[in-house]
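Chain naming here is simple, since letters A, B, ... match the order of the sequence lines and numbering starts at 1 in each. The model shown is predicted, which means the values in this text are computed figures rather than measured ones.
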Protein chains: 2
Amino acid sequence: MSTVGRALSGDARISERTKHAVRAAAEELGYVGNLPARMMRGGSSNLIGLILPDIQNDFFASIAQALSESCDRQGYRIVLSITGDDPETEVRHIRDFVGARVAGIILVPSADLKRESIALLRQVPHVQLLRYAGGPDDLWFGIDDSDAMERATSHLLDLGHRSIAYVAASERLSTGRRRLEGVHNAYRKRGIPPSSLATFLDAPTSTWGERAVHEMLALPERPTAILSGSAHVTMGIIVALRRAQIAIPGQMSVIGFGDPNWCEWWQPPITVIRPPIQSLAVNCALWFMDRLRTPEEKLVRSYHATSSSELILRSSTGTPASR
Amino acid sequence: MSTVGRALSGDARISERTKHAVRAAAEELGYVGNLPARMMRGGSSNLIGLILPDIQNDFFASIAQALSESCDRQGYRIVLSITGDDPETEVRHIRDFVGARVAGIILVPSADLKRESIALLRQVPHVQLLRYAGGPDDLWFGIDDSDAMERATSHLLDLGHRSIAYVAASERLSTGRRRLEGVHNAYRKRGIPPSSLATFLDAPTSTWGERAVHEMLALPERPTAILSGSAHVTMGIIVALRRAQIAIPGQMSVIGFGDPNWCEWWQPPITVIRPPIQSLAVNCALWFMDRLRTPEEKLVRSYHATSSSELILRSSTGTPASR
DNA sequence: TTGTAGGCGTTATCAT
DNA sequence: ATGATAACGCCTACAA
């Protein structure tokens, strides 16, 4: 009978006594409202799809944590998709999210969103995080990649480095493009020909960091500094240098990307670019949940928000002259 | 018309031509089946709730990754709950999971499942992972904590250590209890009085690891070895020792728990107990999904599976005599 | 204050 | 081979 439903949803017309009775009975029986049924009536779910390339990456784990907390506070739950940057997995998960009628999707897209992914995203509110891969809407929260790398590069140039190796993700990722742009900007603004810049661009993995170091050590003119444009790459670089017994910063200066604890503990502690992932994720979550409540007709079709990174100076950088 | 539904679900009675036509039209319109509606008809969802204390912990991140992959392969999606070991958050999320009619729940429970959590779990298939906190069903996948710690302790005792500090999670967690048990077993089997064992049990955090080190350094008789019973604690121990300028293993032997990469890279590399979390998670996922397909009447009511850990010997342990 | 009825999208069943 | 119908659980407009 409808009295029950009304009591549970706290309808004003129901007496307090009845409400208590009903609530008690519900508790007793372990009754829990049926979300799917609610949704069928047109209500929307409290699920937000979160699409990440990799949850073991510190970077994305922090994002998941911050998003999850923020969303939880407003009653939203996270459905997790880990794509491994595979567009096929990505499209499959998006399709499922749409099928499950999630309230919205927050995604760190793979380099190449499939056509179908884009079509599917058209059917559901979404926002891109960190990376921007085109798509139906122009909604994006990210860090100012270009500025961050420009400052890091400038730091190295100011220390006198003229032969710098830049190891990062390829330009297929939007972040890769913007970061490389920043590196170039630093050279340009100082009027230094970028010919002395060696770039090693590929997948943002520690494996690639290691391989890049091996390649650059084989170069006729060995760089005096390495600049990393990805968290995992940083790890690979450091391990490879240690294995090659190249002292930091004695024989090689290093600036890392991202700031897990070990950057501080490492001997010597690593200078890093620290992107504000916490606040980025929180901002994104809050903005997105607000948008989910915004009536269709008032929605903006374009929104970009960039946060700036910090350059954390530690002892892993030195002047090339000191060698 | 019902022909459409049949065509999409591949009913045998529908001609191939019609099917193709329908599929094409569906594709065209971007039609995606409505999961909530399907569920209302009694079908079950393809969502599995995953409850973890903390996704930034390497340990749990690996589990999330492995579970997610295994589940994905069979079409299941993960709804993520991060509890921060807070029983209130936990019960809220479990309630939501039940409300969303997830197919099942895989959980690393907090120390104290609330009564309501237990009642709710009664309504949905579930399995506990790593920790076991009682509850309606007696289904659990974990590591053989006792054995792992016994072997690690034995290793230290065999090296001649007689004054060992054990830093770990409190006995409120099932894992904490079993691990302490293992430590004691090692002493008992060797007939060594455990009076020389100093235990520092509290929350499994790096903060606790640091504080415990400070406390033990203030002891009249400083231990010659530290044994960690938690991944985060390990990190805290190492940082605190470095800050106190105590050399490993010169002045203090250390055995860590868990095996993130930095254990290997740290100078000197850290000897660790490596629990087989990958295989644990995969085993658990496969078993659980199989169970979800098992008819009610054939379900076992009790199932325990423990995997054994490896002891990875590296250079962070030495003999007390060498000092 | 409480009851009734209808509809959300899907699919199993029954009828054509 | 295809169409019509009922039912799942919830909510709400309307009736009593």
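Between B:Arg38 and the phosphate of C:dG9, there is no side-chain N or O to OP1/OP2 separation shorter than 4.0 Å.
Here the P atom of nucleotide C:dC8 and the CZ atom of A:Arg101 are 14 Å apart, to the nearest Å. Between the P atom of C:dT2 and the CZ atom of A:Arg17 lies a distance of 9 Å, rounded to the nearest Å. For the pair B:Asn34 CG and C:dC8 P, the computed distance is 12 Å after rounding to whole Å. Look at CG on B:Leu8: it is 8 Å from P on C:dT11, rounded to the nearest Å. Rounded to whole angstrom, the span from the CG atom of B:Asp11 across to the P atom of D:dT2 amounts to 11 Å. Whole-Å rounding puts the B:Met40 CE to C:dG6 C1' distance at 13 Å. Rounded to whole Å, the distance from CD on A:Gln123 to P on C:dG9 is 14 Å.
With B:Val108 as reference, B:Leu129 is the one residue of B:Thr175, B:Leu129, B:Leu173 to meet the side-chain contact (heavy atoms from CB on, under 4.5 Å) rule.
From B:Asp54, atom CG reaches atom OG1 of B:Thr83 across 8.5 Å, with rounding to the nearest 0.5 Å. With values rounded to the nearest 0.5 angstrom, B:Leu107 atom CG is found 6.5 Å from B:Glu90 atom CD.
Contact of A:Arg6 with C:dT4 (side chain to base): no donor-acceptor pair of N or O atoms is detected under 3.5 Å. Side-chain to base pairing of B:Ser15 with D:dA1: no donor and acceptor N or O lie closer than 3.5 Å to each other. Scanning atom types as modelled, no donor and acceptor separated by under 3.5 angstrom connect the side chain of B:Thr3 and the base of D:dG3.
Within the 4.0 angstrom heavy-atom criterion, no nucleotide atom of any strand lies near B:Gly43.
Residue order along DNA chain C, read from the 5' end via each residue's closest nucleotide, puts B:Arg41 first among B:Arg13 and B:Arg41. Ranked by how close their nearest DNA chain D nucleotide is to the 5' end, A:Gly5 and B:Val4 are led by B:Val4. The nearest heavy atom of DNA chain D to A:Ser9 and to B:Ile14 marks one nucleotide each, and the one closer to the 5' end goes with B:Ile14.
Below 30°, between 30° and 60°, or above 60°: for A:Tyr303 and A:Phe141 the angle between ring planes is between 30° and 60°, a tilted geometry.
B:Asp138 and B:His304 share a side-chain donor-acceptor pair at under 3.5 Å.
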